[in-house]
There are 2 protein chains.
Amino acid sequence: MARTTPQTHGEILAAAARRFGVTGYRGTSLQDIAGEVGCSKATVLYHFANKEAILTELMAPAIEVLRSLDERIAAEPEPASAQRVAAEGFVDLAVRFRAEIALLRGEFPALMQQPGFAHIQQLSERLLDALAARSTRASARIAAFVLLAGVAETCGEFADVPDEELRDALLALLRRALEPAD
Amino acid sequence: MARTTPQTHGEILAAAARRFGVTGYRGTSLQDIAGEVGCSKATVLYHFANKEAILTELMAPAIEVLRSLDERIAAEPEPASAQRVAAEGFVDLAVRFRAEIALLRGEFPALMQQPGFAHIQQLSERLLDALAARSTRASARIAAFVLLAGVAETCGEFADVPDEELRDALLALLRRALEPAD
DNA sequence: TCAGGTGCTGACCGATCGGTCAGATTAGTG
DNA sequence: CACTAATCTGACCGATCGGTCAGCACCTGA
């Protein structure tokens, strides 16, 4: 029905984002997405090579920002300054892409083990290292992990809180919660 | 093979815990569990009504402790003392049952929407409220959410850190990270 | 007018899921 | 021995999954 024109690609992407946000990646079937768009499942797979390709395209901008943050962190010589850059950069990223992060809905660990997402695992580990001020103390790494996982899990909730207020709250939390460099 | 005797029930439970811990609840099939035990899938379903029943029995002790913590929190008249009881109780619970919590592997949100786990959602919300020192300020609730989700996500990792060290690190983090009562 | 490309679809595929069921095997009891 | 009840299993079920494919309708340009 209705001449859809080639904007279908974008419609599928938007519909997938909506569905992933509600039922998660694994919990959303291609049929679900097709139903939301109003096309057939075959049409979805005409525009995207497979299901993972939809998620990849959806997450691409956020991943690119994460990658550039990783570079900025690596360029910092001092643990203390790297920690600051990591905290500010991560909170900024989490707030800016909170919709995208939310749609992972806790499936982050499972997705990381999948090929094509393996390099993100490395980025996360380096981010963790920077947040722990490159310390090997267990307490420092534990605190960094709690905050990393917690912020990622949180930013999707509180959809009613404006970006700036959310960013300020998260940044204030990280500042008082992270252990300072040795 | 091998006369298994009625200890099979416990073996299935242990195997399920191991598998859930690796691939998560949804990512583990009854066939996987049966394979780990060395019995047939039908045997698993002879000992348990269905897949959810395995998870329920596995989580029962942790849920019972959470329920009793909820009562202790509710009995505290002051927000400040309720916050302290909530923080200490939650960290203690997270560390004691870290294996059980780990096997949820971020599927917590999805599981909560399932009947039979709905009441845990309420317990979590009341715990969040106490950690936020019953404040309605967005920053307080955001901090409480980050720490709640973060600790839950964290305690499964760091399996090599002893209970006491993990508990001390988490408690110290919560003490400096939570906003004090108004 | 017609050939060819684009967008799209219904029908279908093999795999896997949770779950059922009739029946085989075993252990205990009289 | 016979009988019963508990334990266990292979075969099977319907549903759903991601993905494939031949072909239909439409548009465009030669």
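To find a chain, count down the sequence lines: A is the first, B the second, and so on, and within it residues start at 1. Values in this document were obtained by computation on a predicted structure and should not be read as measured data. Scope of the values below: all heavy atoms of this structure, side chains included, with no hydrogens, waters or symmetry mates.
- Atom CG in B:N50 sits roughly 14 Å away from atom C1' in C:dC17 (whole-Å rounding).
- The distance between atom NZ of A:K41 and atom C1' of D:dC21, rounded to the nearest whole Å, is 13 Å.
- Rounding to whole angstrom units, CD1 of residue B:I54 and C1' of C:dG19 are separated by 12 Å.
- Judged by distance alone, with hydrogens and angles left aside, the side-chain atoms of A:K51 form a donor-acceptor pair with the main-chain N or O of A:T28 at under 3.5 Å.
- For the pair B:L30 CG and D:dC12 P, the computed distance is 20 Å after rounding to whole Å.
- For the pair A:R19 CZ and D:dC17 C1', the interatomic distance rounds to 16 Å; values are reported in whole Å.
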Verdict with reasoning, B:D182 to B:R134, per salt bridge (charged side-chain N to carboxylate O under 4.0 Å, His left out): CA-CA 9 Å; B:D182 301 304; B:R134 292 171 187 158; over 6 Å; no
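- For A:H9 and C:dG7, the shortest distance from a side-chain N or O to OP1 or OP2 is not below 4.0 Å.
- Applying the 4.0 Å criterion to OP1 and OP2 of C:dC17, one finds that B:S29 has a side-chain N or O inside that range.
- Within 6.0 Å of atom CD in A:E164, 12 or fewer heavy atoms from other residues, nucleotides or ligands are found, so the atom counts as exposed in its surroundings.
- Look at A:T43 and you won't find any side-chain N or O under 4.0 angstrom from OP1 or OP2 of C:dG7.
- At whole-Å resolution of the value, CZ in A:F48 and P in D:dG18 are 15 Å apart.
- Across the protein-nucleic acid pair, B:L45 atom CG and C:dC17 atom P stand 13 Å apart, rounded to whole Å.
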Test side chain to side chain contact (heavy atoms under 4.5 Å, CB included) applied to A:L148 and B:T154, step by step: CA-CA 10 Å; A:L148 195 58; B:T154 302; over 6 Å; no
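- Taking side-chain N and O atoms only, A:H47 has a distance below 4.0 Å to OP1 or OP2 of C:dC8.
- The side chain of A:S40 places no N or O atom within less than 4.0 Å of a non-bridging phosphate oxygen (OP1 or OP2) of C:dC8.
- The side-chain heavy atoms of A:I142 and A:S139, taken from C-beta on, include no pair separated by under 4.5 Å.
- Nucleotides of DNA chain C nearest to A:A42 and A:Y46 differ in position, and the one nearer the 5' end is that of A:Y46.
- The 5' end of DNA chain D is approached more closely, in terms of each residue's nearest nucleotide, by A:Q31 than by the other of A:A49 and A:Q31.
- Between the CD atom of B:Q7 and the P atom of D:dT7 there is a distance of 12 Å, rounded to whole Å.
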